[in-house]
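The chains referred to below are lettered A, B, ... by the order of the sequence lines, with proteins before strands, and numbering in each begins at 1.
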Amino acid sequence: MPYLVPDYETRGLCDLTAAGADAYAEDFSTEVLCLDLIASTGEHVIWYPGDPVPELWTRALADGWMFIAHNARFERAITRCIMGQYGFPDVPVTQWHDTMARCANLVLPMKLEKVAEVLGLNQRKDMEGSRLVKALRTPNRRGNLPDLTPTILHRVGQYCTQDTRTQLELHQRIGWLDPGERKVWLLNQKMNDRGVKLDMPLVRNMQRIVDEASAPLEDRFRELTGFNITQGQKVKSWMHEQGAHLPDLQKETVAKWLGKDVDGEVGEDDLFAGKDDAQGLIPEVREALEIKQLIGSSSIKKLARMEQCVSPDGRAHGLLMYHGTGPGRQAGRLFQPHNFPRGTLVFDKSIKLAQKQSMILEALNTGDWEYVEAVIGPAVETVVSSLRYCMVAEQGHEYVAGDFAGIQARVVLSIAGEYEKTALMAAGADVYIDMACDIWPELPRPNWAAGPEVFGPQVEAFKKAFAEQRGTGKNSVLGLGFQMGGPKFQWKYATDRDLEFCLRVVNTYRKEWAPGVPKVWYALQDAAVAAVWDGGVHEAYGIEYVMEDRWLSARLPSGRKMWYFDAKPIRKAMPWDPDDIRRAFQYRATKTGQLKTIDAFGGQLTENYVMGIERDLMTHAMFRCERENLPVILDVHDEILIEPKSGPDNRTLLQQIMEDRPRWAVDMRIPVGVEVWSNDRYRK
DNA sequence: GTACTCTGCGCC
DNA sequence: AAACGGCGCAGAGTAC
């Protein structure tokens, strides 16, 4: 079957990157400059506004050709919102294919010019034309866009044609998504099409509260330090001059120097090493730090972003990127629904969750920051803690969410065959306490074998008496599964402990608590290195590595593949002995927009494997939700959010769906536990 | 101005 | 015997 590559050039007053393709295409000012069509048959048409609908478009549509674009969401949005007025029939999502999605799937750079360069394509993006189109989008001093003369339009058309040629060659080089991944991409499009309803009056009231409450504090901060609160480096230097030698201005550091813990509670004893430092703070530094703590959160920027990207239908679309990470998780875009702060507001325990929510919302909806401070708490903190409430279910619908409890630890332990530990987790035992008891044998280990009636109270007592030790156990279980060593553990979780202690914790995890896990690291590393070196198929612990073209592929138990681009054999000295040279491999992946060479190692391969499995469990459950008529609108790595019609059975149904494992997960003996809640708004 | 890098922040 | 988790966005700083 032939296919068609369409590409639009457009311009408008709306900021495309800020608003996203959907809101941009819906904006009144957005106009199409031209449309270039290249077909796999060799046919080529360039269309300008006013021309009749090209016969190629209608024929391709009618004959069921695929429409292929790089970031098809943009072409889909423009076609739907603007081209109708020129008589173009819309193209159903099932007839679109996205080369950018295939790039994401293969972990290639996603910018067209980058990927063309990396793959050594003959066709390249026309960078001069790109700059011209950018200039055409920039208003002059009077706020008008440049005139479109026939000469300029012709040049735009040339640029556009070069883009379609490049996209065509790119597609010919990288091919289609596998059928399974195509289904995932279609689900991604469906979720982005649905979008998320935003409570815009609330967003605006929150914005007003933030603006009015922060302005005096920002002024005061400038008065104290001479700098804006956002000028981290300069503020840090100023503090050093004042004798306060903070290593950085991170939230936790600031809290420690103020002698408080991160939740704002004053520390009771010497748990916090920074407490002594706090004694020496001069009042100006102390006040500046307190202001930083009050209004330093950047999450409130989500409010402005919501305002920019909300569509006329009251919903934000295009929040999720298909396969945004190596192992295939979706990535959050625009206002980033994946990192909403969890609330920090502490209420009296007698106040129920729903009551707390309505009290907060009522206060925020006054838009009056002083009122919020009078009845709830610090205004900006209240807003930050309530950002999730901006996402709200449609009238007559509700939000139901389910998350896989402790899934990462369960998966890594299942892979390693540590079934005693997974059985503990499945039985509801607190494995963080279990780990703590391995680190400190003198602690009272709850009697797991005796059942929840017995160990339940023991767990509660333990949490009260040994909260810090349980915290260390938790960090160990969650952090040490992927080869983190003593120094890193100390730096990340235990700066107030000595290295010897941290090495002991690491050793306890590797030798006593989960001795099967290190074996997985070494086996995966050996298998992957062998695959890169000899080109054969090498399997370990249910994952199968083999070179395909320039990629090392890793076949997961679900049958899906993860890809490592440009995998190359290298020889490497071991960190403990420069003379011990061994076979290893490296690959390339994009980090913050740059292609970086990465040395593979067992812990990381294991982590990728675990995340890959989690992702497959998630998509399995999301497909089931769709089949059961539970519309999925968001997923956050181990959490699924649906927006069904309100009803008494939604929670049970979602829980059943998520707990119903695919065959391969049953075979791997991965225990799955799901916690669900429902509410009219998003929350944690 | 524009592109890029770095740090910080928040989540999983 | 054995190390580096992932992501996007905002803002500042730097180089051109």
Side-chain angles (χ1 to χ4, degrees), chain A residues 17-18 104 107 111 127 131 134-135 138 227-236 248-254 262 292 296-302 304-305 309 319-321 323-342 344 384-385 387-388 403-404 406-409 412 478-489 491-492 503 506-507 510-511 518-519 521-522 525-526 572-577 580 582 584 586 589-594 596 598-612 614-615 618 635-639 684:
Chain A
T17 40
V107 207
K111 272 188 167 168
M127 295 314 288
R131 280 188 291 275
K134 207 166 280 176
T138 313
F227 301 106
N228 290 333
I229 196 159
T230 48
Q231 293 177 285
Q233 290 182 24
K234 288 173 179 165
V235 170
K236 196 174 92 179
D248 53 61
L249 291 178
Q250 292 173 17
K251 199 174 164 181
E252 205 185 333
T253 314
V254 171
V262 258
K292 174 123 182 103
S297 175
S298 57
S299 324
I300 47 176
K301 294 289 187 283
K302 290 191 192 301
R305 202 58 189 275
C309 68
L319 297 174
L320 297 167
M321 197 201 125
H323 207 295
T325 74
R329 288 175 166 185
Q330 304 209 76
R333 282 287 157 90
L334 303 174
F335 65 75
Q336 250 233 196
H338 284 174
N339 72 344
F340 275 108
R342 311 167 73 112
T344 53
V384 169
S385 289
L387 284 168
R388 288 175 188 248
D403 74 277
F404 289 118
I407 190 65
Q408 188 155 313
V412 73
L478 296 178
L480 295 178
F482 306 125
Q483 218 170 351
M484 181 189 292
K488 179 94 195 265
F489 187 86
W491 171 76
K492 196 166 178 181
L503 289 168
V506 168
N507 214 36
R510 295 179 181 181
K511 296 282 159 58
K519 292 180 186 150
W521 306 333
Y522 308 137
Q525 174 151 333
D526 289 348
K572 222 168 73 161
M574 296 297 105
W576 60 91
D577 178 4
D580 188 354
R582 300 199 185 177
Q586 52 186 206
T590 18
K591 301 238 173 199
T592 52
Q594 292 292 105
K596 292 260 160 71
I598 298 168
D599 284 9
F601 69 100
Q604 190 196 37
L605 296 171
T606 306
E607 181 172 30
N608 294 163
Y609 185 15
V610 169
M611 283 192 185
E614 283 175 48
R615 189 277 200 166
M618 289 284 288
D635 72 298
V636 192
H637 315 313
D638 64 359
E639 175 189 0
K684 189 61 216 175

Expected rows: protein N/O vs nucleotides 14-16 of chain C N/O, under 3.5 Å:
none

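To the nearest 0.5 Å, atoms OG1 (Thr590(A)) and NZ (Lys111(A)) are separated by 11.5 Å.
Heavy atoms of Lys236(A) sit nowhere under 4.0 angstrom from any nucleic acid atom. At the heavy-atom level, Lys572(A) lies under 4.0 Å from base atoms of the strands shown. At the heavy-atom level, Leu334(A) lies under 4.0 Å from the strands shown only through sugar-phosphate atoms. In this structure, Gly332(A) reaches the sugar-phosphate backbone alone: every heavy-atom distance under 4.0 Å involves primed, P, OP1 or OP2 atoms, never a base. Within 4.0 Å of Tyr522(A), counting heavy atoms only, lies at least one base atom of the nucleic acid. Counting non-hydrogen atoms under 4.0 angstrom, Met484(A) reaches nothing in the nucleic acid.
Atom-to-atom, CD of Glu639(A) to P of dC7(C) comes out at 20 Å; the value is rounded to the nearest Å. For the pair Asn608(A) CG and dC4(C) P, the interatomic distance rounds to 16 Å; values are reported in whole Å. Atom CG of Asn228(A) and atom C1' of dT7(B) are 17 Å apart (whole Å).
Listed by chain and number, the residues in a salt bridge (Lys or Arg N to Asp or Glu O under 4.0 Å) with Lys519(A) amount to none (sequence neighbours excluded). For Lys511(A), the side-chain contact (heavy atoms from CB on, under 4.5 Å) criterion is met by Asn507(A), not counting sequence neighbours. Listed by chain and number, the residues in a salt bridge (Lys or Arg N to Asp or Glu O under 4.0 Å) with Asp526(A) amount to none (sequence neighbours excluded). In this structure Glu639(A) satisfies the salt bridge (Lys or Arg N to Asp or Glu O under 4.0 Å) test together with Lys684(A), sequence neighbours excluded.
With hydrogens and angles ignored, no donor-acceptor pair closer than 3.5 Å exists between the side chain of Lys302(A) and the base of dA10(C).
Closest to the side chain of Lys301(A), out of dA2(C), dA10(C), dG10(B), is dA10(C). Here the side chain of Phe601(A) is nearest to one of dA3(C), dG8(C), dC12(B), namely dA3(C). Listed nucleotides: dA3(C), dG8(C), dC12(B). Nearest to the side chain of Arg329(A): dC12(B). You'll find that the side chain of Lys134(A) is closest to dA3(B), out of dG10(B), dC12(B), dA3(B). Picking from dA2(C), dC7(C), dG6(C) the nucleotide with the shortest atom distance to the side chain of Ala331(A) gives dC7(C). When distances run from any side-chain atom of Gln336(A) to the nucleotides dG8(C), dC11(B), dA3(C), the shortest one goes to dG8(C). The listed nucleotides are dC12(B), dA2(C), dG8(C); the one nearest the side chain of Gln525(A) is dA2(C).
Here Arg333(A) does not reach the OP1 or OP2 of dC7(C): none of its side-chain N or O atoms lies under 4.0 Å away. Contact check, Arg305(A) against dA10(C): a side-chain N or O comes under 4.0 Å of OP1 or OP2. Contact check, Arg510(A) against dA3(C): a side-chain N or O comes under 4.0 Å of OP1 or OP2.
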Side chains of residues 327-336 of chain A: which donor-acceptor pairs under 3.5 Å do they make with residues two or more places apart or in other chains?
residue	atom	partner	partner atom	Å
Gln330(A)	OE1	Asn188(A)	ND2	2.7
Gln330(A)	NE2	Asp635(A)	OD1	2.6

